[in-house]
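Shown next, in structure tokens, is the structure this report addresses.
Heads up: numbering here begins at 1 and tracks the sequence.
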Amino acid sequence: MEWTTLAATGLGAVVGVGSTLLADRVRWRRETGERDRRERRDLYVTCLTRYRLAYEDMHTAALAHRDGPAGRRDAAVRDAFRGSGCDEIRETVLLCAPEETTAVMEDVYTTLRGLLEVYAAGDPAPDTPEFQEHRLRHAQAVWTARAAMRAALERDA
């Protein structure tokens, strides 16, 4: 057997194996990126959903105990917030999401905590312009977070 045939066969094998490894690496990176993007999207949806449910539950608790003792309203609103899982999902987001997303999600959490204090105190009442300012601040933080999340997910697509 001639050495050029052997060398050509060896070179062909090296090129074939190398191209297969490169293709597998590219596919693995693409699949990993898509999986990470899906996981972040699910995390974002879960977070915003929990925040929304906390808002709804606090609102319901505050209205249900509007005319009762202040201590009962305060306890009911705080129980509604604690039961929502907001603190747990917040910590998950702070650990797993990109920094620019965590900053805007922290703003949403902060405004939600502000609503918690307003609902717990019962002042201002939900039908007043002062309360609507708190609600609007929270809504704006949510819209800003959604925009940041969309941008992060699109950038990584």
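Val104 and Leu115 end up in different hydrophobic clusters when Ile, Leu, Val, Met, Phe, Trp and Tyr side chains are linked at under 4.5 Å. Hydrophobic clustering (side-chain heavy atoms under 4.5 Å, transitive across Ile, Leu, Val, Met, Phe, Trp, Tyr) groups Ile89 together with Leu153.
Annotation: Glu99, atom CD; neighbour count of heavy atoms from other residues, nucleotides and ligands within 6.0 Å does not exceed 12. Counted within 6.0 Å of CZ on Arg72, heavy atoms from surrounding residues, nucleotides or ligands total 12 or fewer; the atom is thus considered open.
Side chains of Gln140 and Arg137: a donor-acceptor N/O pair is absent below 3.5 angstrom, by distance only.
Residues Ala80 and Met58 share a closest heavy-atom pair of CB-N, 3.9 Å. A pairwise comparison of heavy atoms in Ala145 and Val108 identifies CB-CG2, 3.7 Å as the closest pair. Between Ala97 and Thr102 the shortest heavy-atom distance is O-CG2, 3.6 Å. Between Pro126 and Gln132, the closest heavy-atom pair is O-NE2, 2.9 Å.
Residues satisfying the side-chain hydrogen bond (donor to acceptor under 3.5 Å, both in side chains) test with Arg150, not counting sequence neighbours, are none. For Ala62, the side-chain contact (heavy atoms from CB on, under 4.5 Å) partners are Val77, Tyr119, not counting sequence neighbours.
Residue pairs meeting the salt bridge (charged side-chain N to carboxylate O under 4.0 Å, His left out) criterion with at least one partner in residues 115-132, sequence neighbours excluded, are Arg78-Glu117.
For the atom pair Glu39 CD and Thr46 OG1, the distance stands at 11.5 Å (nearest 0.5 Å). To the nearest 0.5 Å, atom CZ of residue Arg73 and atom CG of residue Asp67 are 9.5 Å apart. The distance from the CG atom of Leu43 to the CZ atom of Arg40 is 9.5 Å, given to the nearest 0.5 Å. Rounding to the nearest 0.5 Å gives a distance of 10.5 Å between OG1 of Thr49 and CZ of Arg52. Taking SG of Cys96 as the start and CG of Asp36 as the end, the distance is 10.5 Å to the nearest 0.5 Å. The distance from the OG1 atom of Thr60 to the NE2 atom of His65 is 10.5 Å, given to the nearest 0.5 Å.
Between Leu112 and Tyr55 there is a side-chain heavy-atom pair separated by less than 4.5 Å. No side-chain heavy atom of Glu133 sits under 4.5 Å from any side-chain heavy atom of Leu136. Counting heavy atoms from C-beta outward, Leu48 and Met149 have side chains that approach closer than 4.5 Å. When side chains are defined from C-beta on, Tyr44 does not count as touching Met105, because their heavy atoms never get closer than 4.5 Å.
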### Message
One pair to check against side chain to side chain contact (heavy atoms under 4.5 Å, CB included): Tyr109 and Asp87. What are the steps and the verdict?
### Response
CA-CA 9 Å; Tyr109 182 82; Asp87 289 324; 2.3 Å; yes
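Classification of Arg50 and Glu88 as a salt-bridged pair fails, no side-chain N sitting under 4.0 Å from a carboxylate O. Look at Arg37 and Glu154 and you find no salt bridge, because none of the NZ, NE, NH1 or NH2 atoms lies under 4.0 Å from a carboxylate O.
In this structure, Arg113 forms a cation-pi arrangement with Phe81, its terminal cationic atom sitting closer than 6.0 Å to the ring centre and no more than 45° off the ring axis.
In this pair, His134 and Phe131 present their aromatic rings tilted. The plane angle is within the 30 to 60° band.
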